[in-house]
Protein chains: 2
Amino acid sequence: MPRSSVKDVAAAAGVSLGTVSNVLNRPDRVSPATRARVEQAMADLGFVRNESARQLRAGTSRTLAYVLLDATNPFFTDVAAGIEERAEAADLSLFMCNSSNSAAREKGYLDHLAEQRVQGILVTPVDPESPTLDEVIQRGIPLVVVDRTRSRPGVCSVSVDDELGGRLAVEHLVDRGHQRVAYVGGPATIGQVRDRWVGAVGAWRETGLPEADLVQMATAALTVEEGRRAGERMLGLPTRRRPTAAFCANDLLALGLLQHLITSGRRVPEDLAIVGYDDIDFAAAAAVPLSSVRQPRQLLGARAAELLLDETANPAHQHERVVFTPELVARTSTLG
Amino acid sequence: MPRSSVKDVAAAAGVSLGTVSNVLNRPDRVSPATRARVEQAMADLGFVRNESARQLRAGTSRTLAYVLLDATNPFFTDVAAGIEERAEAADLSLFMCNSSNSAAREKGYLDHLAEQRVQGILVTPVDPESPTLDEVIQRGIPLVVVDRTRSRPGVCSVSVDDELGGRLAVEHLVDRGHQRVAYVGGPATIGQVRDRWVGAVGAWRETGLPEADLVQMATAALTVEEGRRAGERMLGLPTRRRPTAAFCANDLLALGLLQHLITSGRRVPEDLAIVGYDDIDFAAAAAVPLSSVRQPRQLLGARAAELLLDETANPAHQHERVVFTPELVARTSTLG
DNA sequence: ACGGTCCGTTGAAACCTTTCAATCTAGGAG
DNA sequence: CTCCTAGATTGAAAGGTTTCAACGGACCGT
């Protein structure tokens, strides 16, 4: 209830309003005696600084935001953990916003954050080329694209080479002797899904195997549930045409697929080898530990946060395009 | 760059500043012609309303926040999805903050949110009795406790009966013939861990089995990694003393435990039956589908959001304490 | 005792929006 | 032709903080 302001505190402590502000922002400039008095008054009145007013006057905010694609995917929350670590070190708060893969929601959040004049925004966008991002930048808000890149420059980005990841997965499977492989993923509107496919195709071509033997299995989303569905379809194929291995666009799909196979009495990797993508904790924890393309998730977030902080603090900031290298982690699901 | 304000827009459109504000807030009160002119000017200048100033004057904010315990646990992000659904319907933005089980971080976020004068806060607190929460309430910010309850009233809470959940798990295991059961969970500072234990003990006593045969296996955290460690310890026990079933305080532990057993060549449930808690998507997706105590996660969040919205909008708001009933979902990990 | 420093404190201006009473305009009624 | 009304527009005040130039007093050296 006691909606008290600096003015009230000043009155209670018998000092001027400017002094209260000094206690708040430059405690060293105020004598210990008065400082104590003011602090006492603040405690008595239950004073809470009004951040809106502070921000209005000071023009600067103490918060960062990460707009992510899917909060229920552990990959993104791990990235967020990396961001948060750096944010905390810089004494900034991090707000996470979940766009749930919806461009409209994403725009809503970005607008709101822009109005709120946050210090900076990290975003894993639905579409990295979308003008929505340009709007934010034009409004003068530092922005870093995470886990994607942008063809036009003018923005920092931190990503992992998804094409390379796709290559690694397919090369691994071919090394293990597979000659008919499925790529499970979709919808194609998702950039990661496309890039990993491109890498997979590239690697496949170099093997000289018939192009038709790298088969696409489209899914409606990158979820466990969709993975199960893909499993049903997979087992529905006649044995001759059935792939001996699957490369899934992310681990959620892979886990769903894995589950469906096991509960249908098939064996992994004997009946179907599986490679996932992201190497989330649940991949290693699956009862048939999942081979997966590992991305440096925490590092991804941390580096992105560093770039963002540099952009806000350093006038000579240069936009950077950081690309990390993925790594294949081979486990039982392909090694048997 | 064009850090433009209402004043600039007004000048550009040749109207007064109040009119611009009307366009923004009560478009119906302004004639179509001028409205068009103003909107054009806003577009030309790239005007973005300054939310801080708006909030300072209007005293009201358009955002809700959810401070959660562990963003990497799918349970909480599912709860968040339920909240968000309701928030979006009320045209409010939801910011998620991850306390990572740290009371200090939690306090940091709550303070920040209070300064920001958010419209309301939902929180799954590290400690629901903590005075930190009282501070927020005293500052006049509506707050709802999620997935926990509070002994003192004065606050809405939405939770699931964790004691009952503990009972259900143990009763199920006893029904299946187990006479020596482990409770895997910790640290005991976490309320859920304690409550589920209390329920487990209660159910155990009623069976008349020797009290010593319900054994506690303490873990350092509720993570997959800790689950694996618990598995090591479990297999380290002499066969005579080894439990035939384990009830884990959450699914992450259960999945880790499951994995360790399988990779050590044991069979689930023959060698050890396992019940988890939360029924996250990965539980059903585990290669040995996990029996688990299901909580209505989305509903939990949705109901909490409703209570919060009622508190902000309805002067006659009564604090409510909603307790949902959990449900045991039996799968292969206990049924064989 | 005097001038000069330095530290602590002050008060007013500025930040940008919303609100509301007051003013203006056009058009209809008498 | 005048008066009234309803609707559109205006202008100033208010909201809480930070900033900064200015001020006052204490202390030092001479």
Side-chain angles (χ1 to χ4, degrees), chain A residues 2-39 41-42 45-63 111-112 114-119 139-141, chain B residues 2-39 41-42 45-63 111-112 114-119 139-141:
Chain A
R3 214 73 149 191
S4 51
S5 74
V6 236
K7 207 195 304 190
D8 304 323
V9 175
V15 298
S16 91
L17 188 150
T19 300
V20 177
S21 176
N22 281 335
V23 170
L24 246 24
N25 303 297
R26 306 187 200 64
D28 46 306
R29 287 203 196 163
V30 57
S31 76
T34 39
R35 188 190 333 171
R37 206 143 33 93
V38 171
E39 279 167 351
M42 296 204 288
L45 275 62
F47 169 77
V48 181
R49 175 218 255 114
N50 184 327
E51 175 68 16
S52 299
R54 207 211 105 256
Q55 205 167 303
L56 173 58
R57 171 64 229 218
T60 159
S61 128
R62 303 302 300 161
T63 103
D111 285 348
H112 192 88
E115 292 188 348
Q116 202 126 277
R117 303 284 195 273
V118 292
Q119 187 162 118
R139 288 162 175 177
I141 300 179
Chain B
R3 213 74 149 193
S4 53
S5 74
V6 237
K7 207 196 303 189
D8 303 322
V9 175
V15 298
S16 91
L17 183 153
T19 299
V20 178
S21 176
N22 280 336
V23 170
L24 246 24
N25 304 298
R26 305 187 200 64
D28 46 304
R29 287 204 196 162
V30 58
S31 76
T34 41
R35 189 191 331 172
R37 205 145 32 93
V38 171
E39 277 166 353
M42 295 204 288
L45 275 62
F47 169 77
V48 181
R49 177 218 252 114
N50 184 326
E51 174 68 17
S52 299
R54 206 213 105 252
Q55 202 168 304
L56 174 59
R57 172 65 231 217
T60 160
S61 129
R62 301 303 299 161
T63 103
D111 285 349
H112 192 89
E115 292 187 349
Q116 204 128 275
R117 304 284 195 274
V118 293
Q119 187 162 119
R139 288 162 177 178
I141 300 179

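These numbers were taken from a predicted model, which means no experiment stands behind them. Residue numbering restarts at 1 for every chain, and letters A, B, ... go by the order of the sequence lines. Reckoned from all heavy atoms, side chains included, excluding hydrogens, waters and symmetry mates.
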Tell me the interatomic distance from B/N22, atom CG, to D/dA8, atom P, rounded to whole angstroms. 11 Å

Rounded distance in Å - CZ (A/R54) to C1' (C/dA14): 15 Å

Between A/S21 and D/dT19, is there a side-chain N or O to OP1/OP2 distance below 4.0 Å? no

Rounded distance in Å - CD (B/Q55) to C1' (C/dT18): 13 Å

Find which nucleotide of DNA chain C each of B/K7 and A/R57 is nearest to by heavy atoms, and output the residue with the more 5' nucleotide. A/R57

A/F47 and side chain to side chain contact (heavy atoms under 4.5 Å, CB included): which single residue from A/V38, A/V20, A/V9, A/D8 fits? A/V9

Quick one: are A/R54 and A/T60 in side-chain contact, heavy atoms under 4.5 Å? yes

Rounding to a whole Å, what distance do you find between B/R29:CZ and C/dT19:C1'? 10 Å

How long is the line joining CD of B/E51 and C1' of D/dG15, in whole Å? 14 Å

Atom CG of B/N50 to atom P of D/dG16: distance rounded to whole Å? 16 Å

Send over the distance from A/N25 CG to D/dG16 P, rounded to a whole Å. 17 Å

To the side chain of A/L56, which of C/dT17, D/dT10, D/dG16 is closest? D/dG16

Starting from C1' on C/dG8, measure out to CZ on A/R37 and report it in whole angstrom. 12 Å

Note, B/R139 side chain near B/D111 side chain (heavy atom, < 4.5 Å): yes

